[in-house]
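Chain identifiers are assigned alphabetically (A, B, ...) following the order of the sequence lines, protein sequences preceding nucleic acid strands; residue numbering begins at 1 within each chain. All values below were derived from every heavy atom in this structure, side-chain atoms included, with hydrogens, water molecules and symmetry-related copies excluded.
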Amino acid sequence: MSLRAGPLSDDKVISLLNGYFVPVYAPYASEETAGVVSAEEESEIQRIWRESLERKTGYGMVHVYLLEPATGHPFDSLGVVKASITNNLLELLNRAIERYKVKEGKPLVKPGRQVFPPHVPAESLVLHLTARDHGYLKPGLQEPRSRECNVGNWKEYASENSIVLEKAEWSKLTPPPGAASWKFPDDVASKMLIYFYPQVEANVVSNHRVNEGALKASVASTTKGIVRVRLDGTLTLKRIQEPNAVFVEAPLAGYYDYDPAKRRILAFRLATENGKCGSRSFGVAVRSVAPEELK
Amino acid sequence: MMISLLGHLVLLGAAALQAPTGSGPADDFARIDRWVQEWQPTETDRKFEQIGWAKDIPTAIKLAKQNGRPVFVFTHKGQVNLGRQ
């Protein structure tokens, strides 16, 4: 079991981290996290790695480190394989509490959603995406695992993404006057559809390329002035390193409600129930997020 | 060619499952709503968010000095908060 799905979801571990420590997760700079890790954060990660080697307190790139309260220097650590066993992590934490005689207190940072960006431009439409692996396409049949869709232990919990459509982007979704159907803008579709894949190992999302015309829009109904727009389509996702190979295929279905008077999208939904990635099946659901959920 | 054809047949089959024959638009929208609702992250998926995570290491070290607590740092590849690499 992974560190997140195992010890970091265990009540005793959560209680110790909140009551006695200052917890922080720190993705290191890699192709997968381009644009996510600041230079200052990467510099701190490199310092912790370097000092752990010098102090012989244990080192690894995917690793748990404990830093001294007064100095921020590492004093103990555990590799991810050992740390993913709850009792091992509890032992590490209790040893540190005893060493520094830490008194229990409240969490120093209020727990909260970790998926949404801390700041969103005004008048943006924020979408939340959940992706779930459904397993092999042929249940019960032992197929060789596709290299292109190796889910590893990431499948132990749902993958999530937040997608922020700024006003200039969601305004493109305004139904054209008098039209019964039209092509959904490719650039807006791409912002969502690049995330239509299951939980996988070693994947660089900036390499994803969405097929043109993946989504079509049509007026389904108009009720009390609100236009319901139906979305249908088929996704063919490729990656730039393998331009001729299909990474993901997925039928798409969704809708959004548009208020022409207020020029607002009131609700947005898009999903695939039966996406195909290598030999695996997956589902994705996208929904619009209410402003209060972002607080 | 045969594999490609089979792939398209699988997709067509999947599309058929998404929109059962005879279902109306209201049924389609209800089905989409149901998928969206059922696939939201569960309480178990979100246990990780019960931890009060500092936003970065410098912030964590600052809080540690102010409060006399050790810092717990998990360095990793990908984005553990999203479940994505």
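- Not a single donor-acceptor pair under 3.5 Å links the side chain of A/Q114 to the backbone N or O of B/E49.
- Proximity of a side-chain donor or acceptor of B/T75 to a complementary backbone N or O of A/A26 within less than 3.5 Å is not detected.
- Contact count versus chain B (heavy atoms, under 4.5 Å) is highest, among A/A158, A/A70, A/S159, A/P74, for A/S159.
- A/L89 touches chain B through its side chain: at least one heavy atom from C-beta onward sits under 4.5 Å away, while N, CA, C and O do not.
- With a 4.5 Å cut-off on non-hydrogen atoms, B/T44 touches chain A through its backbone but not through its side chain.
- In this structure, the side chain of A/E41 engages the main chain of B/I57 through a donor-acceptor pair within 3.5 Å.
- The residues A/D11 and B/K47 are annotated as salt-bridged, a charged nitrogen and a carboxylate oxygen being separated by less than 4.0 angstrom.
- Residues A/V24 and B/F72 form no side-chain contact, since every pair of their non-hydrogen atoms from C-beta on lies 4.5 Å or further apart.
- Heavy-atom distances place no part of A/E31 under 4.5 Å from chain B, backbone and side chain included.
- Checked against the 6.0 Å centroid threshold, B/F74 and A/Y25 do not count as a close aromatic pair.
- Proximity to chain B (any heavy atom under 4.5 Å) is restricted, for A/V284, to the backbone atoms N, CA, C and O.
- Here A/K106 is the residue among A/K106, A/K101, A/E68, A/R99 with the most heavy-atom pairs under 4.5 Å with chain B.
- Heavy atoms of B/I51 lying under 4.5 Å from chain A belong to its backbone as well as its side chain.
- Heavy-atom pairs under 4.5 Å with chain B peak, among A/G19, A/S281, A/G72, at A/G19.
- When the candidates B/E38, B/Q66, B/R46, B/Q37 are compared by the number of heavy-atom contacts under 4.5 Å with chain A, B/R46 comes out ahead.
- Scored by the side chain to side chain contact (heavy atoms under 4.5 Å, CB included) test, A/S77 finds A/H63, A/Y65 as partners (sequence neighbours excluded).
- In terms of heavy-atom pairs under 4.5 angstrom with chain B, the leader among A/S9, A/P27, A/A285, A/P107 is A/P27.
- Applying the side-chain contact (heavy atoms from CB on, under 4.5 Å) test between B/N67 and each of A/L108, A/V102, A/V22 identifies A/L108 as the sole match.
- Within the 4.5 Å cutoff, the side chain of B/P25 has no heavy atoms near those of the A/Y255 side chain.
- A salt bridge does not link B/D45 with A/R4: every distance from a Lys NZ or Arg NE/NH1/NH2 to an Asp or Glu carboxylate oxygen is 4.0 Å or more.
- In terms of modelled atom types and a separation under 3.5 Å, the side chain of B/R84 and the main chain of A/Y195 share a donor-acceptor contact.
- In this structure, the side chain of A/R132 engages the main chain of B/Q40 through a donor-acceptor pair within 3.5 Å.
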